[in-house]
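Comments concern the structure below.
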Amino acid sequence: MSRDDVDRRTFLQYGGAAAATAASVGLAGCGDSGNGNGNGNGDGETDTPTPSGAEAELREYDGELPEDPTREQVLQHANGVSNELAPWVFLHQQYSIYGVNNDLEWTARADEDINVKEISTQRDEITITQGQLAPTLDPVGDNSTSTYNVIDQGYEPFLYRDRDGRPIALIVTDWERTSEQEVRLTIRDDVTFHNGDGMTAEDVAYSINRANNPDVSDVASTIGDINEASEVDGDVVLDLNSLEPAIFRNLTAFGRVVEKSWVNDNDGEIADVMNGTGPYELDEYVDDTRVAYTQFDDYWGETPDPQSVTFTAIPENGPRVDALIAGDTDLIVNVRPNDIPDVQEAEGVRYEDTPSTRLIFLVMNDAFEPFDSQEFRQAMNFAVDVESIINNILNEFGDQTSQPTLPGHNGHNPDVDPYPHDPARAEALVEESGHAGAELELHVPRGRYLRDVDIAEACASQIDELENVSCEVNRREFANLVSELVAEQSESPAFFLIGWGNPTLDANYAMGPWFTEGAFQHFNNQELADLLEQANNIPSGSE
């Protein structure tokens with residue numbers, strides 16, 4: 001996508017907003033002067049901030065479910081309810097911007113995956129640099145894109161997805177739902193592990209059960225409502241506890257194939273060794289420094305171009321760009337928009353960008369005051385000027401969001417508008433909440449997302465400008481912050497910036513981990529939880 005495309009898209013987004021207002025029927029709550037857009041204006045033309053002394057009007061979602069809703073309608077309703085409940089400060093869709101050596105032919109993916117086998121090059125060796133490496137090589141030990149980019153060269157998912165998110169064959173060559181709560185997977189029969197052993201259906205069943213085991217797996221709460229996976233006549237059969245309509249989408253993203261006997265022989269200590277089925281086998285793993293691979297000669301698929309690949313990490317944005325320009329690395333993530341001219345002017349490198357499947361947002365943990373107050377949570381949404389952040393910090397490489405699901409994802413609600421910037425209404429809601437004088441600390445990972453610290457600083461500054469709230473930023477190492485936020489909700493930070501990629505492109509994965517019981521839960525609302533449970537028991541039209 002070129003900058004011209006981005007500028008045109010941005011013009012259409014904001015230029016078309018006023019015209020779209022009249023058709024937006026999902027939101028109300030503007031009192032006598034409301035226009036249904038939740039912006040506090042009655043003229044329906046502009047988002048002029050409410051003058052000081054504004055009434056503390058809560059934003060409301062007035063959408064209704066039909067009598068016999070489809071799964072998509074239930075998920076759309078859940079998205080609308082989440083906008084009203086405001087468990088997060090909704091910020092923006094992340095754009096992924098990469099720096100690439102011109103010796104590499106590669107097209108960025110919306111799901112942010114970097115598969116070296118998709119890179120065409122005459123080079124024998126390449127280096128890829130991220131903000132972080134992988135804290136573990138255990139394929140179910142960490143659920144983050146940066147980790148998957150490292151381990152996927154050696155460990156393969158069960159299914160994979162095309163660039164539109166649709167499941168495609170990988171280790172599993174065919175898949176079908178044989179009854180309401182049972183699916184059958186046909187396994188590729190020519191796959192060899194890096195240690196020379198042949199892969200079996202028993203290995204695949206074991207791998208799914210291991211990924212589903214909360215005692216060892218970080219993805220146990222997301223892979224699906226699986227009772228047990230079993231080998232049956234050379235296939236793998238999944239016995240489900242419920243309908244689990246997104247099971248095939250989940251198998252494209254969560255869990256990787258491991259060898260049962262090898263894991264048992266290593267006593268489960270597989271954090272820094274590897275025995276997968278992928279196109280590359282582990283050459284060297286130096287914690288926090290590099291992960292090096294060489295081609296696996298007996299790979300079942302097409303031989304990739306580079307004979308070896310090394311992953312490294314540089315947390316700071318500027319030095320990462322410098323490394324690309326100096327030729328010390330060949331592909332980098334998260335090029336800041338203001339660094340793009342440096343990349344364009346340098347010889348032998350270019351940038352690639354694409355809208356990703358990731359949202360950036362501020363989690364308000366309702367285990368703590370003042371975030372147990374809906375008035376206060378909505379106030380934080382009215383306090384932050386997201387449009388300004390997108391324009392001035394992201395150079396328009398972003399789209400403002402209104403809900404946990406992005407346009408085009410299954411269950412997205414197109415009738416819900418983003419919160420407008422309205423500091424007067426925010427101050428009024430803070431007073432109404434009874435938490436005037438609140439002092440907030442916003443935790444932000446350093447270098448994990450595009451301009452993450454700058455965005456957090458801007459959010460905190462805008463909140464701090466309210467007369468009755470103060471806010472400061474605490475910069476954190478990503479791994480340390482994540483280890484805290486997956487702890488008990490009462491021990492997690494009260495307020496933090498995070499990004500959430502959605503490789504399944506389904507609203508359940510966008511909301512389920514955060515709003516229902518599990519490691520990521522930071523918000524408790526029975527209506528929202530019931531809607532997600534209802535959606536999980538209705539067949540998906542997109543299965």
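Any value given below was found using the heavy atoms of this structure, including those in side chains, with hydrogens, waters and symmetry copies removed.
Under the 4.5 Å side-chain criterion, counting only non-hydrogen atoms from C-beta, Cys459 is in contact with Leu91. By the 4.5 Å heavy-atom criterion applied to side chains, Pro157 and Leu170 are counted as neighbours. In this structure, the side chains of Asn525 and Phe515 stay at 4.5 Å or more apart for every pair of heavy atoms. For the pair Tyr351 and Ile97, the minimum side-chain heavy-atom distance is below 4.5 Å. Side-chain contact between Arg163 and Thr107 is present, with heavy atoms from C-beta onward closer than 4.5 Å. Inter-residue side-chain proximity for Pro404 and Trp88 is flagged as met; some heavy-atom pair is nearer than 4.5 Å. Looking only at side-chain heavy atoms (C-beta outward), Tyr61 and Asn79 stay at 4.5 Å or farther from each other. Contact annotation: the side chain of His92 never approaches that of Asp399 to less than 4.5 Å [non-hydrogen atoms, C-beta and beyond].
Note that OH of Tyr98 is 9.0 Å distant from CD of Gln130, once rounded to the nearest 0.5 Å. Taken from CD in Glu180 to CG in Asn537, the straight-line distance is 8.0 Å, to the nearest 0.5 Å. For the atom pair CE of Met511 and OG1 of Thr405, the computed distance is 4.5 Å after rounding to the nearest 0.5 Å. With rounding to the nearest 0.5 angstrom, the NZ atom of Lys117 is 13.0 Å from the OG atom of Ser120. Once rounded to the nearest 0.5 Å, the distance linking CG of Leu528 with NE2 of His77 reads 9.5 Å. Expressed to the nearest 0.5 Å, how far OG of Ser402 lies from CG of Asn381 amounts to 10.5 Å.
A donor-acceptor pair under 3.5 Å links the side-chain atoms of Asp162 to the main chain of Arg166, judged by distance alone. Judged purely by atom type and a 3.5 angstrom limit, Asn213 has no side-chain atom pairing as donor or acceptor with the backbone of Asn209. Listed for the Asn250 side chain is a donor-acceptor partner under 3.5 Å among the backbone atoms of Ile223. Of the possible donor and acceptor atoms, none in the side chain of Asn83 sits under 3.5 Å from a partner among the backbone N and O of Gln403. Of the possible donor and acceptor atoms, one in the side chain of Gln378 sits under 3.5 Å from a partner among the backbone N and O of Glu84. Of the possible polar contacts, one joining the Gln76 side chain to the His412 backbone as a donor-acceptor pair under 3.5 Å is found. Side-chain atoms of Thr401 never come within 3.5 Å of backbone atoms of Phe90 as a donor-acceptor pair (strictly under, hydrogens ignored).
Looking only at atom types and distance, the side chain of Asn149 has no donor-acceptor partner in the side chain of Thr147 under 3.5 Å away. A donor-acceptor pair shorter than 3.5 Å cannot be found between the side chains of Ser356 and Gln94. Side-chain contact of Asn392 with Ser388: a donor-acceptor pair under 3.5 Å is present, judged by distance alone.
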Kindly determine whether Asn524 and Gln489 satisfy side-chain hydrogen bond (donor to acceptor under 3.5 Å, both in side chains), including the steps that lead there. CA-CA 10 Å; Asn524 298 269; Gln489 186 183 353; 3.1 Å; yes
Given the rule in the salt bridge (charged side-chain N to carboxylate O under 4.0 Å, His left out) test, do Arg59 and Asp417 qualify, once you have shown the distances and angles that lead to the verdict? CA-CA 11 Å; Arg59 200 178 215 217; Asp417 295 329; 5.5 Å; no
List the steps and the verdict of side-chain contact (heavy atoms from CB on, under 4.5 Å) for Ile119 and Leu331. CA-CA 11 Å; Ile119 296 174; Leu331 197 162; 4.2 Å; yes
From CA spacing to verdict: side-chain contact (heavy atoms from CB on, under 4.5 Å), Val363, Phe523: CA-CA 9 Å; Val363 173; Phe523 188 69; over 6 Å; no
Using the rule given for side-chain hydrogen bond (donor to acceptor under 3.5 Å, both in side chains), can you reason through Ser242 versus Asn536, listing the C-alpha separation, both sets of side-chain angles and the distance that settles it, and then say yes or no? CA-CA 8 Å; Ser242 63; Asn536 278 340; over 6 Å; no
For the pair Tyr449 and Ile455, evaluate side-chain contact (heavy atoms from CB on, under 4.5 Å) and give the outcome as yes or no after the intermediate values. CA-CA 10 Å; Tyr449 311 108; Ile455 292 167; over 6 Å; no
Run the side-chain contact (heavy atoms from CB on, under 4.5 Å) test on Val100 and Trp106 for me, step by step, so that the C-alpha distance in whole Å, both residues' side-chain angles and the decisive distance to 0.1 Å come before the verdict. CA-CA 8 Å; Val100 189; Trp106 176 74; 4.1 Å; yes
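The neighbour count for Glu533 CD, taken as heavy atoms of other residues, nucleotides or ligands under 6.0 Å away, does not exceed 12. Residue Glu202 qualifies as open at atom CD: its count of foreign heavy atoms under 6.0 Å is 12 or below. Within 6.0 Å of CG in Asp68 there are 12 or fewer heavy atoms belonging to other residues, nucleotides or ligands. Other residues, nucleotides and ligands place more than 12 heavy atoms under 6.0 Å from the CD atom of Glu118. Heavy-atom contacts from other residues, nucleotides or ligands closer than 6.0 Å to CD of Glu517 number 12 or fewer. Surrounding CD of Glu176 are more than 12 heavy atoms belonging to other residues, nucleotides or ligands, all under 6.0 Å away.
The side chain to side chain contact (heavy atoms under 4.5 Å, CB included) test with Ile389 is passed by exactly one of Asp385, Ile393, Asn391: Ile393.
Residues passing the side-chain contact (heavy atoms from CB on, under 4.5 Å) test with Ser373 are Glu375, Phe376, Ser433, His435, sequence neighbours excluded. Partners of Phe158 according to the ring-ring contact (aromatic ring centres under 6.0 Å, His included) rule, which considers only residues two or more places apart in sequence or in another chain, do not exist here. Taking Leu505 as the reference, Arg249, Thr357, His409 meet the side-chain contact (heavy atoms from CB on, under 4.5 Å) condition, with sequence neighbours excluded.
Note on residues 355-367: pairs passing salt bridge (Lys or Arg N to Asp or Glu O under 4.0 Å), not counting sequence neighbours, are Glu112-Arg358. Sorted by first then second residue, the ring-ring contact (aromatic ring centres under 6.0 Å, His included) pairs that include residues 483-513, not counting sequence neighbours, are Phe254-Tyr509, Phe371-Phe495, Phe496-His522, Trp500-Tyr509, Trp500-Trp514, Trp500-Phe520. Listed by first then second residue, pairs satisfying salt bridge (Lys or Arg N to Asp or Glu O under 4.0 Å) with a partner in residues 225-240 read Arg184-Asp235, not counting sequence neighbours.
Contact between Ser144 and Phe478 at its shortest, heavy atoms only, is CB-CE2, 4.5 Å. Of all heavy-atom pairs spanning Thr354 and Ala108, the tightest one is CG2-CB, 3.9 Å. Summarising the geometry of Asn508 relative to Asp506, their closest heavy-atom pair is N-OD2, 2.9 Å, with the distance given to 0.1 Å. Pairing each heavy atom of Leu450 with each of Pro337, the nearest pair is CD1-CD, 4.1 Å. When all heavy atoms are compared, the tightest approach of Pro445 to Leu497 is CD-O, 3.3 Å. For the residue pair Gly234 and Ala201, the shortest heavy atom distance occurs at O-CB, 3.4 Å.
Salt bridge absent: Asp454 and Arg336 never bring a charged side-chain N and a carboxylate O closer than 4.0 Å. The existence of a salt bridge linking Arg476 and Asp452 is excluded, since no basic side-chain nitrogen approaches an acidic carboxylate oxygen closer than 4.0 Å.
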